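Just so you know, these numbers come straight off a predicted model, no measurement behind them.
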Amino acid sequence: LRTEILEPLALGSTGVEPALGAPAPSAKGYRHSGKNRWIAGLPIHPSILFCSGDLYSDVADLDQWTETFWMSYRLVGHATRELMTTPSAG
């Protein structure tokens, strides 16, 4: 991921979340503890949900990713992008 996508596109604020959580500054979760009291929630690694939610990014990197994906063929060729974005009947 790093050598094929992140580094070539200069996505310096995108990466895979380490086991102990995303690097600062990042959003923190809170939970209600009664009578208008909120306390820090327990850290839960996104992979516990069996998804690829351990990837983090910032808005500038997401913009760069979107522009590169839709406006050039640096990441994938035309046929591959068409296949990726065409709904299937499956």
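With S57 as the fixed residue, the side chain to side chain contact (heavy atoms under 4.5 Å, CB included) test singles out one of L6, D63, L62: L62.
Following chains of ILVMFWY side-chain contacts shorter than 4.5 Å, one can reach L75 starting from M84, so the two form part of one hydrophobic cluster. With hydrophobic clusters built from ILVMFWY side chains whose heavy atoms lie under 4.5 angstrom apart, F69 does not share a cluster with V59. Residues V76 and W65 share a single hydrophobic cluster, defined by chaining ILVMFWY side chains whose heavy atoms lie under 4.5 Å apart.
Other cluster members for Y30: W38, joined by side-chain heavy-atom distances under 4.5 Å among Ile, Leu, Val, Met, Phe, Trp and Tyr.
The distance from atom CG of L9 to atom CD of E4, rounded to the nearest 0.5 Å, is 10.5 Å. The OG1 atom of T86 sits 11.0 Å away from the CZ atom of R81 when rounded to the nearest 0.5 Å.
Here the closest non-hydrogen pair linking L55 and G15 is CD1-O, 3.1 Å. The shortest heavy-atom contact between L11 and Q64 is CD2-CG, 3.5 Å.
Counting only distance, with no hydrogens or angles, the side chain of R74 and the backbone of P8 share a donor-acceptor pair below 3.5 Å. Formation of a donor-acceptor pair under 3.5 Å by the S72 side chain with backbone atoms of T68 is found in this model. Judged by distance alone, with hydrogens and angles left aside, the side-chain atoms of D61 form a donor-acceptor pair with the main-chain N or O of S13 at under 3.5 Å.
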